[in-house]
Every structure is written in C-alpha cells, then in structure tokens.
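Step one of this worksheet: look at the structure below.
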Amino acid sequence: MAHGPATLADGWRAYISRWVFTTNHKDIGTLYLWFSFSMFLLGGAFAMVIRAELFQPGMQLIRPEFFNQMTTMHGLVMVFGAIMPAFVGLANWMIPLMIGAPDMALPRMNNLSFWILPFAFAILTSTLFMEGGGPNFGWTFYAPLSTTYAPESVNFFIFAIHIMGASSIMGSINIIATVMNMRAPGMTYMKMPLFVWTWVITAFLLVAVMPVLAGAVTMMLMDINFGTSFFDAAGGGDPVLFQHVFWFFGHPEVYIIILPAFGVVSQIIPTFSRKPLFGYSSMVYATAAIAFLSFIVWAHHMFTVGMPIAGELYFMYATMLIAVPTGVKVFNWITTMYKGSLTFETPMLFSIAFVILFTFGGFTGLMLSIAAADMQYHDTYFVVAHFHYVMVAGAVFSGTAAIYYWLPKWCGKMYNETMGQVQFWVAFIGFNIAFMPQHFLGLAGMPRRYADYGLQFADWNMVSSIGAFIYGGAQLMLLYNVIMTIRNGKPTTEEKTWEGAEGLEWTVPSPAPYHTFATPPELK
Amino acid sequence: MDCSIASALSHLRNSTRVEIGEPKAMSVDASNRRVVVKSLFGAAAMFAFAIFVLPPIYDLFCEITGLGGKTGDEYTAVDVRVDTSREVTVRFVASNNASMPWEFRPTKDKVVVHPGEPTEITYFARNTTGEDMVSQAIPSLVPNNVADYFHKTECFCFENQPLAAGDQADLKLVFIIDPDLPEGVTSLTLSYTIFDITDRMANPLAQLQ
Ligand code: HEM
Ligand SMILES: [Cu+2]
C-alpha cells in the first residue's frame, strides 16, 4: 500500500479489510478508542436505567432482578470495556509517537489483542437476553452469589472475562516490549514522558494481576461445573477466600485504571502552565511506589469479614501509606501550575477538575481506610461516591482531557473551543450533582446495590438522578464535539497544536502521518 | 485464554516491521521475543499462584491463626489433667444452609465444663424430605483465636451424614477443652452449619478438592 491506508474511496471491502487486518499503531489506537467510547455509551445506558429506577422510592420501571443485572453490567462494562480499552487506545496512539518509535513492538499481537475484545463484550452483553438473565452478582462477583446462586449464563461471563484478560495481557506485553526496545536513540528511561512511564508501570501491574483474575474465574468455573469446592463451605472451601483472590487482583486494578490517567494529566498541565513538570523524577518514583503498595493493601475492601484486629490495623496503615506517594503527585501538579502562565483550554479545564476531584476522592478513600469507621461506611453509597470520584472524575475526566488535547494531532482538525468548554462545564456540574449527594446518602446509611430505598433517602436520590442525566448528556455532547471536529473542524497543520507543548509527538505534522519515525528522530 | 496467546506468539517470528537498518532490526526482534517469553512466563506463574498457591496458604493461615473458626481434625487425648479450678461455658448453635430442609439442632443449648474433661453432646438431625440425602456439617468456633484449644476426639462432622427419607439420628460429638486455654476466656460458641451434599456425592469429581 504505497499510497497509504485504504479509505472509503477504495471501496468498502478494502476499507473494512484495512481495519480488520491493520497492524498500524494509529489504526489500532483509533479502533480501541471508538470501541471504548461505544462501551462507554452502553455502560452509560445501564447507568441511566439504574438512576431512572432510583429517581423515586418504590419500584417504578424495572424488576429488582433486572436492576441487579444493570448494576453488575454497568460496573463490568465501564471498568473492562470503557476505561481500560480507552487508555490502551491512547497508549497505542501516543507511546510510539512519544518515544520516537515507528510502531508498536508487536504489531500483529496488537491486532489480535484488539479484535478479541468485541467478541468478549458481545458474549457478555448477550447474557442479558439469555434465560435467567445476565450476571446479577455485582461487578465484584463474590462467591457463592456468583457460583451456587448464579444464573445459568455465568459460564459465558467467565468466558468473557478470560478473553478480556488475554487481551489486556497481550496489550501490556506489547507496551512493555515497545518501551524497552523501541525507544529512539537518546530517549533514556528518565527522559520518557510521564504518560509513557505510568503506562509501563501499569503494564507490569496488568501482567501480574490479570492472571489472578483469570485464576479466580477459573476456580469459579470448576466449583460450578466440576464439583470442586474452592469457595464452597459444604466441601471444605471458603467464600472469604474468593474475596482475597478477587481483591488481590481488584486493588491493583483500580491503580491500573488511575495510573495512565495520572500520566495524561502530567502531560497536559505543563503544556498549559508553560512550565516543565515539577519534580519529574519524584513523579516516576511515586508512580512506582503506588504500584508496589497496591499489592499489599487489598483487604481494606474486607474490613467487615471478621479479620483479627492485627489484620485490620495492618491493612489500615498500609492503605493510608498510599496517600503519601499520591500526595506527592498532587503536590507536583499544583506546583507545576504555581506561577505558570496558565491558560484554560478544554484539556486544561478537565485536568484541573481531575486534580481537584481526584484529591477529594482520595480523601474519602482515607476515610474508608479507617477500619473502625469503615464498619459503618462499607457497602453504602459512601463507597459508591468514593469510587466514582476517583474513577469518573479521575480516569474519565483525564481520558476526556486526552481526547481534546490530542484530537488535533490525530485528525488535523481543531475542535470548537466554546463547545469544548460548554461540554466541560456540563460534565463538571452534572458529575458533582450526581455523586456529591451519594456521600450524604451513604453516611445516612443507604446501602448500595438495592433497587429500592427508604423514604428518608428520597430527596438526595432525586437530585443524584438529575445530575446523572445531565452528566450522561455531557457524554453525548462529547461525541457530538468529536464528530463535528472530524467532519467540520478548522484544519490545523501546525506540528505544535499547543504552543506550550513539549515532546516528540509535537514534532510530527498534524494530522500525524500514517507512518511516523521510520527513521528515528534526533534527540537533543 | 492461553491458546490465544500461543497463537499470537506463533506469529511473532516475523512480526516486527521495524525499518531501521538490518542488524538493529534483528536485535530488536530478539529482545522483543525475550520480553514476550518472560512476560508470558510471569503471567502463567501468577495464574498458577492464584489457583494452586493462594488457596493452600489461605487455609494454612486460617489453621495457624484459627481464623474463620475452623476447628481441627480428630484429636487423640493425651494425658488428661482436669483443671477443676476453671469453668468454661460452651454454647451450641446450629444453622441450615439455604438449600437444606433438614431439621437440625443441638440437644442442649450449652454445657459448663472443666478444661481437660471429655464431654459428650449430641446434635439431632431429621431428614424431613421424602428422599434419601447426604449432609455435611461444617463447624465454626468463636472467639476465633481459641480454635487451637478446642479438641474433638469424636465428631459427626469428620464424616458426612447420610439419612434415608424421613429418618432421624442423634449425632455424637466428644470434645475436650485444652487446659492451656488462655486466661480470660470463659465461654466459647460452637456452631454447625449443615449443607446438602447429595448431588456432590453422585459427582465423580467430588473428591478433587
Ligand atoms: C488515597 C487513595 C485511596 C484510598 C485510601 C482508598 C481506599 C478505599 C477503601 C478503604 C475502600 C473500601 C471501602 C469499602 O468497601 O468499605 C475503597 C473502595 C474502592 N476504591 Fe478506593 N481508595 C483510594 C483510591 C482509589 C482509586 C485511585 C481508585 C480507582 C481509580 C479507587 C477505586 C475504588 C473502588 C472501585 C472501590 C470499591 C470497590 C467495590 O466495592 O465495588 N480507590 N477505596
Ligand atoms: Cu482498594
């Protein structure tokens, strides 16, 4: 294909083949991003069903059985289908550009790791239409709810998780190989942009813990189908073991979600502060420290299972320790902005909101890490509010910032700044209206994962639902903005879309040509 | 899962389309392969760790700490010295797993014993259904740091309990409280949960775990 990638003008067959067989990191990045956005809308639709049902007390729209499937599928689709693939997509697009590599190290594996994902989610989603319904045991799928009491479709769920795990592991290996072997001459490790650093560390986390998730679902599979009793007390097993195995995966998983988001924000804040990132090396070490600590705190999700006091204390202090490297990061972002010549374009607005709201979520995390207090907070809406502050205002805001920041580089068109800022404010306000009241609900004792609630919770639930609808609308605006940029955006050919931006990705033309850095760039 | 990775691996040999000079490209290819092999090895090791290492160390951990209230296996009484200066109240609790219809209860709510003294009590079980069934009782003891001091010389829980339709039985338990029971512990609660394992007995793989 000397003339570059097939376009629709070459006929739809050629066009489809291009996307199906592509090994180009930019194509695959694009596929990941669109896929993740479509999953984001699907998971968002589930969330709208949940919030519509919770708009008023009493059962209005759906049956409780279906409500349980909605909360479960919302969590699974958002975590594994929307957030994780979005950052893998960004990694595919940006890592080779940032380290001056012509492509990812293992392009065919890259193709495979993307294309198995749609199958995984097709299988997962199809369970909703099966007899007995889809997974209804929560995104944490605690046994024996997910084994002895699971719907028939649980085997499809397990299969889907296996595929997602394989995809993530392949994607991670690719990133590790790319960063280790494909850096342009002179691009030493300590010169790599922070987004690249956070991603390699994340990739190591993924290789370490996705197999543990695969192990957990495999043990479920055997308990369900082959008569073993890993998690079945009747045969000498223990349901609490499931929680240990799950959270041994699950806690590193939440950092898998947030570390690349840290990376994105660490790229954007210096650009719009027109200052280099403050404390680059401390950022790298803090990221590594967070990754390490994430392996030794998992039982803070299990304070109520009946641990001995020594265990409670250990997991409490270890969890609080994570606040230290996290604090280092927040401090560095703020110091980068301090005395900078700041401008507030859309990516910067999302990044600043990230810093504020993520820090807020970190504080509620600290409240939850106090073992004695967690007895009250556990499994209430307070936890729901906590993790939406860190995952939505954290990962999703950072992902949105990344889209606005790099979209001109990807498609050579500038988004409409006014529309971008309007979308930001709708998202910011909608988000806080949706999730701030959930703190109050949780503190007042409203348990999570129920289709109905007591009358005393009615007002804040209505507020929360209204906020959720606004926030959902903001995502449609994002989609609109992206499509309008691609179709009608003002062309921009400048290499450096943002005058304050630094890095190799801003040395190639916009839109980034199909092949970049066929000859490695010169580094000063 | 592993096969999809393996098939990806088989493509790797000629996968790197790096166009940065021949000798360099060769070595990049080789180091990529090294990364893939090492990472896959690491991933496989973590998978094995989750299935084959975590459950046994969890069990071991519970056994050492008495966590989860699991009581020990059959105990052979050694050189009993009864400590008549202490009295310990042992309470008995019974519960049925959700899918278990049997009638199941201790014949006494509690006994007061001296450490070192063998005590026999019974649980009453009746198969209230019209079908032959097999049950398994799973013990749990609180406070959980005393599991090491609660010895059972005979217990129906060491085996499963088959009962024909409509049959009933008194299930026997003999225990000794260790005279070394920590000071300050004056009462223990022993609970049994009874599970229906009829299906499991028919399953040829039942003994796997
Ligand atoms: C300073 C940092 C943090 C601390 C101290 C912290 C602490 C905690 C604690 C103690 C819980 C358990 C609450 C309970 O179930 O009772 C929890 C739940 C959770 N956290 Fe965090 N957290 C922190 C950051 C994060 C981040 C960065 C993420 C993800 C991006 C995250 C995601 C979650 C999720 C998803 C749950 C709930 C899981 C569930 O039960 O469904 N947390 N956090
Ligand atoms: Cu955690």
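Only this structure's heavy atoms are used, side chains among them; waters, hydrogens and symmetry mates stay out. A, B, ... follow the sequence lines: proteins, then strands. Residue 1 opens every chain.
Between A/Phe157 and A/Phe141, the ring centre distance stays below 6.0 Å.
Sorted by first then second residue, the salt bridge (charged side-chain N to carboxylate O under 4.0 Å, His left out) pairs that include residues 98-107 of chain B, not counting sequence neighbours, are B/Glu103-B/Arg105, B/Glu103-B/Arg126.
Residue A/Phe292 places its CZ atom among 12 or fewer non-hydrogen atoms of other residues, nucleotides or ligands, all under 6.0 Å distant.
Residue A/Asp232 touches chain B through its side chain alone, counting heavy-atom pairs closer than 4.5 Å. Only the side chain of A/Tyr149 comes within contact range of chain B, judged by heavy atoms closer than 4.5 Å. Heavy-atom distances place the side chain of B/Ile138, and not its backbone, under 4.5 Å from chain A. Only the side chain of A/Phe248 comes within contact range of chain B, with heavy atoms under 4.5 Å apart.
In this view, B/Thr128 satisfies the side chain to side chain donor-acceptor pair (under 3.5 Å) rule with no residue, not counting sequence neighbours.
By number of non-hydrogen pairs under 4.5 angstrom with chain B, the leading residue of A/Val305, A/Thr218, A/Val245 is A/Thr218.
A side-chain N or O of A/Ser113 and one of A/Tyr32 form a donor-acceptor pair less than 3.5 Å apart.
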